[in-house]
Asker: 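This is the structure I want to talk about, given as structure tokens.
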Amino acid sequence: MGLLDGKVAIITGAGGGIGRSHAMLFAKEGAKVVVNDVGGTRDGSGSDASAAEKVAAEIKEAGGTAVSNHDSVATSEGAQAIIQSAIQAFGRADLLVNNAGILRDKTFLKMDEPMFDTVIAVHLKGTFLTSQAMAKQLTAQGEGGRIVNTTSVSGMLGNFGQANYAAAKAGIYGLTRTMSIELQKHRITVNALAPIAKTRMTEDLPMYQGTSSLTPAHISPAALFLVSDLCADKTGYVLAVAGARMYAFKVTETSGRFKEEGDGVWTAQEIAEAWEGIMK
Ligand code: NAI
């Protein structure tokens, strides 16, 4: 018995890296898998259908069930086609992992508009488009479902040289929270994953040099948990994984301070004086 027996899973950006690892594990757990990947370079240029095809073939060789799709998540037509490929191949869809991603790093002062727009289009808009197409399919089926988005430490905490990427990933956090609230009544859970793993996206970063303990294989069990029946009562969370470490990101609100005197309107000087207390 697999954790995903009978389920139809769609994984975007599954032609390599973390997405490929998710696809292989989900198939091993009994899911029929749509392996989506546009097959471009790390910065999102170009396309190559063979990236998704190779992973689908690997799954089939291992005895699993998979089809490939190479549409882009960044357009409405592409997103619809990705969800439709599950319906065409398997008659339904149960779970979606929004994993596709690109990088166009530059310091804030040097970042140009296309660098910003392209990264937002793939990560944030792509997550919106595929999730909406999926949520419409899930509500039509009426049996609930699972959506897992992929955010990042960069989006949750900020990171040097990644204004576009951090903004997109922070946007995915907000999208995840709102989707989790709105889709709860349809029994669709929406959570996010914040991975750290050595892939083509990160292999040249200093912190990944000489390490063999930050692998996509460490990440995928967390994705499996979030899409499985084990997670039926959990929605709106950000589960983070870095090698053996499993943790979470939460946005917290401080208790703050109330101004008791007068009409309750603070002066700027009073804010300066009460700063430590407001931040607690
Ligand atoms: P990767 O570059 O190996 O995988 C991303 C995949 O997405 C690629 O195969 C690429 O072709 C595909 N893709 C790009 N644009 C697409 C589009 N428009 N439509 C469909 N597919 C598209 O990188 P990795 O590391 O596996 O990244 C997976 C996800 O995890 C990304 O969302 C990334 O931002 C996120 N992430 C990764 C971290 C890491 O440490 N590797 C850290 C934090 C987040």
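Each ligand, and each atom within it, is numbered from 1 in the order the structure gives.
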Asker: Side chains of Q137 and Q141 only: does a donor on one sit below 3.5 Å from an acceptor on the other?
Answerer: yes
Asker: For S131, which residues count as a side chain to side chain donor-acceptor pair (under 3.5 Å) partner, sequence neighbours excluded?
Answerer: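 S131 satisfies side chain to side chain donor-acceptor pair (under 3.5 Å) with N98 once adjacent residues are dropped.
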Asker: Rounded to the nearest 0.5 Å, what separates atom OG in S220 from atom NZ in K28?
Answerer: 11.0 Å
Asker: Among all residues two or more places apart in sequence or in another chain, which pass the side chain to side chain donor-acceptor pair (under 3.5 Å) test with R42?
Answerer: D204
Asker: Could you check whether any side-chain N or O of R257 sits under 3.5 Å from a backbone N or O of I278, counting only pairs where one atom can act as donor and the other as acceptor?
Answerer: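 Checked: no pair found.
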Asker: Please list all pairs meeting ring-ring contact (aromatic ring centres under 6.0 Å, His included) that have one or both residues in residues 256-280, counting only residues at least two apart or in different chains.
Answerer: none
Asker: Taking any residue with a non-hydrogen atom under 4.0 angstrom from an atom of ligand 1, which ones do you get?
Answerer: G13, G17, I18, N36, D37, V38, G39, G40, D71, S72, V73, N99, A100, G101, I102, V122, H123, T150, T151, S152, Y165, K169, P195, I196, A197, T199, R200, M201, T202, Y208
